[in-house]
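Worksheet for the structure shown next.
Computation of the quantities below employed the complete heavy-atom set of this structure, encompassing side-chain atoms and omitting hydrogens, waters and symmetry-equivalent molecules. Computed from a predicted structure; not experimentally measured.
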Amino acid sequence: MLLSRESSGGRWRTRPDGMEKVTGTLQYLTDMSAEGMLVGRVLRSHQAHARILALRTEKATTVPGVHAVITHEDVPGLNGFGIALPHQPVFCEDRVRYTGDAIAAVAADSDEIAEYALSLIEVDYELLPVITDPEEAMKEDAVLLHPEGNVLHHTEYRKGNVAEAFAECAHVTEETYFTPRQMHTYMETEGGLFIPEDNGRLTVYSATQHGLMDRKQLSRILEMPEESIRVVSSPIGGSFGGKDELNVQPYGALLALRTGKPVRLHNSRAESVRAGLKRHPMKITMKTGCDKDGRLLAHQVRIVSDTGAYATLGTEVLNFATEHVMGPYLIEHMDVEGFCIYTNNGVSGEFRGFGGNQAIFAVEGQIDRLAEAAGIDPWEMRLRNLRRYGDPGPLGQPIVQTHGAMQVWEALAAASLMAERKNGPGRDARDPWTVTGVGGAIAMHGAGLGKGIPDPAGGRLCLALDGKIEAVFGYEEFGQGLIATMEQMLIEQYGFGAGDLRIIIGDTDVVPDSGSSTASRATSMMWMALRRLHPDFTARLAEAAESASGVSGLTAGPGGMWKESKLILSYTDLARTLSEPIVCETVFHYPTTSLERVGAHFLYTYSAIAVKVEVNLLTGCARVVDQYHAVAAGPVANPQGYLGQIEGGSSMAVGFTLTEDALMNEGSYVTKNLDTYIIPTIADMSGVQVEAIEDLPEHDTYGPRGVGEIGSVNLAPAVASAIFQAVGKRVTRLPIEPEFLQETPFIPQKAVNANVG
């Protein structure tokens, strides 16, 4: 189905939060205020690597209007955070490792006073060698950034005998690919409001993708019971992985508890650039070989990932990249090795695609190069090596079997844009400086956190005593349309009306542990949870309604309980007959493979993409002018949200491919704001078409797969392929610099004569 309002018919619905968003009345967490509120600010290191010899805060504490100045000495519990490895200091004590490291924080009556107080805090440093190159950091004589060394994580995957297989190859290509340090560039920068309650509890209104995980981390830092901390985390003005980790929460919480007053803390864009997470820059070296017929025989890969000063989820990102550098292809002989390395650069972390973007850019580039060497059409080359139904996953693991890879390959092969590719590069006689090309790429992308990683799921349905059907889940809404998707599922699966529903998410005081809103998992887990809840909840509604009305055979519908075409009892009237709410809850785990390898995935989404790219040979600027996405992700839960996710993911991929790189020099950001960091706008997103392939095998019980990431992972190699058709240059480094594409084209004599004299 080609997604559009017309093709979706009555399923195209206005989002529940749509009116507030388009009118500007929606209150994000950083818009909140409280009576007597103070302003929080954080002092961060200006050195990329140094020992702290002395820290003096006395002058700042004497400033009128300053209520608190805190340092590492004021952290009652663990002075560290991190989802997987809690070693990033809340406040540095004796050493700073990057220019975003926090040293102190203040709470004051105003922004101006807080900033002035920060300027009075004195720090004496002893400068240490700055390590910005991951491969330099791996050398034996490199300065150690952490006691355990500079290698956070090392991965390996080997199968067969690569050396012997390369000797049998008719064609071998070797290449090194480089990917950038991309920013999440969310609309709402990190921030929130922190309120100490009269009963000794703390309420945190702050952006996150997993409120219960934030609560756990804050509990360790504050040395408070988890039950004494309430985290309210929705709605959020964007995240894309960047707010999965703690950011401002420790500082706002500590200041609020110290002062006994509400504290608002909100990063400026420049501070968000400096201290926020980025996509892992990677250097991926590949050697790949095939026989004379294009069948892949050997694949050797080395990944070097720059995690910056601290771990965040660098280990997990490298695991994901290691799994995905094979692509959706069957290769008999494999040798993959990966390294995630500490440096004094800005901290890298989780980002939409989670290492898949970097890996897929590289492996798809290899397929294009081998196809050229073998004289085979690159799309045909993919077909000859594509995984089919029944094949294991990239790591040899059992996976949920679908025809997804073949389905997206066939859909793209039949697309008009791929037919246009056969015509070769395009030129316009009226514009000799511009040339066009068409390219394609394919991907399989794992969903969920993977084997061996806690990945809980669950939810709760309730007929409340006011007659509302409550859907209660531990997810967060950060713009992805989760509330709209949940509403649509409840309407279509249960027959409820939109007005019957009250959706409750993002409040740790009331929600069950549904797991993180990340890794393309939330839609799948909501669908599975609602399917599990359906028999019991609807049966209990029918039983209560029959008892109240005396009518048997009732079914749930819009507004209440129905008998055939007649409304018998409204939910409000039914609730009035109850002494307590009707509550049903389910608890389960995200499905995982049986292979005992940490991070290996079980559920995959498949995508093929064709793009048309226009290159201006005078300026070297490239522009994506047409896109066609074929996505095999099971049934479409929410057509509008599905399309929005693919469009949004592809826009981030356009930036990743053509313009975005948070440049650093000796550990300091050269890019400090959005005036020098160019992100795509709506003008760069013309011609996006999305074909949703909904078919799943009859035995499949997993329902819709998430599409939050799949739209972002394979656009870069498709653009690189299109550029090769247009100008004959192979792309190895992202973003693609204009200088790389710029040429001195043939200038017609008429144009020369017109400019003479």
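Stacking of Arg274 on the aromatic ring of Tyr669 is not recorded, the 6.0 Å distance cut-off and the 45° axial limit not both being met. Geometric assessment of Lys729 against the ring of Phe740 yields a positive cation-pi assignment under the 6.0 Å and 45° thresholds.
Side-chain contact between Asp684 and Val624 is absent, with no heavy atoms from C-beta onward closer than 4.5 Å. Side-chain contact between Asn673 and Val273 is absent, with no heavy atoms from C-beta onward closer than 4.5 Å. Under the 4.5 Å side-chain criterion, counting only non-hydrogen atoms from C-beta, Arg181 is in contact with Asp306. The shortest distance between side-chain heavy atoms of Val143 and His49 falls below 4.5 Å. Between Leu26 and Pro235 there is a side-chain heavy-atom pair separated by less than 4.5 Å. With a 4.5 Å cut-off on side-chain heavy atoms, Tyr98 and Gln88 count as touching. Pro134 has its side chain within reach of Thr343: a pair of non-hydrogen atoms, C-beta onward, lies under 4.5 Å apart. Counting only heavy atoms from C-beta outward, the side chains of Asp101 and Gln47 never approach each other to under 4.5 Å.
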> Going through the checks in order, is the salt bridge (Lys or Arg N to Asp or Glu O under 4.0 Å) test met by Glu135 and Lys283?
Replying inline: CA-CA 10 Å; Glu135 292 186 292; Lys283 176 183 177 182; 2.7 Å; yes
>> For a side chain to side chain donor-acceptor pair (under 3.5 Å) check, start with the C-alpha distance between Thr176 and Thr285, then their side-chain angles and the critical distance, and finish with the verdict.
In response: CA-CA 4 Å; Thr176 299; Thr285 302; 3.2 Å; yes
>> Using the rule given for side-chain contact (heavy atoms from CB on, under 4.5 Å), can you reason through Ile131 versus Leu145, listing the C-alpha separation, both sets of side-chain angles and the distance that settles it, and then say yes or no?
In response: CA-CA 9 Å; Ile131 303 176; Leu145 301 183; 4.2 Å; yes
>> Determine whether Ile284 and Phe361 satisfy the following criterion, side-chain contact (heavy atoms from CB on, under 4.5 Å), listing intermediate values before the conclusion.
In response: CA-CA 10 Å; Ile284 303 178; Phe361 167 61; over 6 Å; no
> Are Glu245 and Thr312 close enough, and set up right, to give a side chain to side chain donor-acceptor pair (under 3.5 Å), and what steps lead you there?
Replying inline: CA-CA 7 Å; Glu245 285 279 10; Thr312 64; 4.8 Å; no
> Run the side-chain contact (heavy atoms from CB on, under 4.5 Å) check on Lys612 and Tyr628 step by step: do they pass?
Replying inline: CA-CA 9 Å; Lys612 184 176 182 179; Tyr628 178 91; over 6 Å; no
> Does the side-chain contact (heavy atoms from CB on, under 4.5 Å) test come out yes or no for Val90 and Phe81, once each step is laid out?
Replying inline: CA-CA 7 Å; Val90 175; Phe81 62 93; 4.0 Å; yes
> Checking ring pair (Phe, Tyr, Trp, His ring centres under 6.0 Å) for the pair His146/Tyr310: CA distance, chi angles, key distance, verdict?
Replying inline: CA-CA 9 Å; His146 292 277; Tyr310 301 105; 5.6 Å; yes
> Do Tyr251 and Phe91 pass the ring pair (Phe, Tyr, Trp, His ring centres under 6.0 Å) test, and can you show the C-alpha distance, the side-chain angles, and the key distance before you say yes or no?
Replying inline: CA-CA 9 Å; Tyr251 314 109; Phe91 292 114; 5.2 Å; yes
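At least one donor-acceptor pair under 3.5 Å links the side chain of Gln480 to the backbone N or O of Phe478. Within the 3.5 Å criterion, the main-chain N or O of Met652 finds no donor-acceptor partner in the side chain of Ser712. A donor-acceptor contact shorter than 3.5 Å links the side chain of Ser517 to the backbone of Glu476. Side chain of Thr189 to main chain of Asn267: a donor-acceptor pair is present (N/O by atom type, distance under 3.5 Å, no hydrogens or angles). No donor-acceptor distance shorter than 3.5 angstrom exists from the side chain of Asp94 to the backbone of Ile52, with no hydrogens or angles considered. No donor-acceptor pair under 3.5 Å is formed between the side chain of Asn319 and the backbone N or O of Gly599. Between the Glu614 side chain and the Thr436 main chain, no donor and acceptor come within less than 3.5 Å of each other. When atom types are taken as modelled, the side chain of Gln209 and the backbone of Ser239 share no donor-acceptor pair closer than 3.5 angstrom. The backbone N or O of Gly242 lies less than 3.5 Å from a partner atom in the side chain of His184, making a donor-acceptor pair. The backbone N or O of Gly620 lies less than 3.5 Å from no partner atom in the side chain of Glu739, so there is not a single donor-acceptor pair.
Applying salt bridge (charged side-chain N to carboxylate O under 4.0 Å, His left out) to Arg41 and the options Glu271, Glu112, Glu115 leaves one that passes, Glu115.
Salt bridge annotation for Arg279-Glu660: absent, with no cationic side-chain nitrogen under 4.0 angstrom from a carboxylate oxygen. Taking 4.0 Å as the cut-off between side-chain N and carboxylate O, Asp124 and Arg56 count as a salt-bridged pair.
Shown here for Ala359 and Val325, the closest heavy-atom pair between the two residues is CB-CG1, 3.5 Å. The minimum heavy-atom distance linking Ile360 with Ala443 is given by the pair CD1-CB, 3.8 Å. Nearest heavy atom pair, residue Ser516 against residue Asp244, reads OG-OD1, 3.8 Å. Nearest approach of Ala726 to Val615, heavy atoms of both residues: CB-CG2, 4.4 Å. Scanning all heavy atoms of the two residues, the minimum distance from Met282 to Gly355 falls at CE-CA, 4.2 Å. Contact record, Val248 with Gly191: CG2-CA, 3.6 Å, taken as the closest heavy-atom pair.
Residue Arg269 holds its CZ atom at 8.0 Å from OH of Tyr186, rounded to the nearest 0.5 Å. To the nearest 0.5 Å, atoms CG (Asn345) and OG1 (Thr99) are separated by 9.0 Å. Atom NE2 of His153 is separated from atom OG1 of Thr322 by 7.0 Å, given to the nearest 0.5 angstrom. With values rounded to the nearest 0.5 angstrom, Phe354 atom CZ is found 11.0 Å from Ser520 atom OG. Between the CD atom of Gln249 and the CD atom of Glu190 there is a distance of 9.0 Å, given to the nearest 0.5 Å. Distance check, rounded to the nearest 0.5 Å: CE of Met183 to CG of Leu277 gives 12.5 Å.
Heavy-atom neighbours of Tyr116 OH from other residues, nucleotides or ligands within 6.0 Å: at or below the threshold of 12. By the 6.0 Å contact criterion, CZ on Arg733 is open, its count of non-hydrogen atoms from other residues, nucleotides or ligands being 12 or less.
For the residue pair Arg352 and Gln645, a side-chain donor N or O sits within less than 3.5 Å of a side-chain acceptor on the partner.
The aromatic rings of Phe320 and His445 are tilted relative to each other, their planes meeting at an angle between 30° and 60°.
Proximity of the aromatic rings of His87 and Tyr342 is defined here by a centroid distance below 6.0 angstrom, and this criterion is met.
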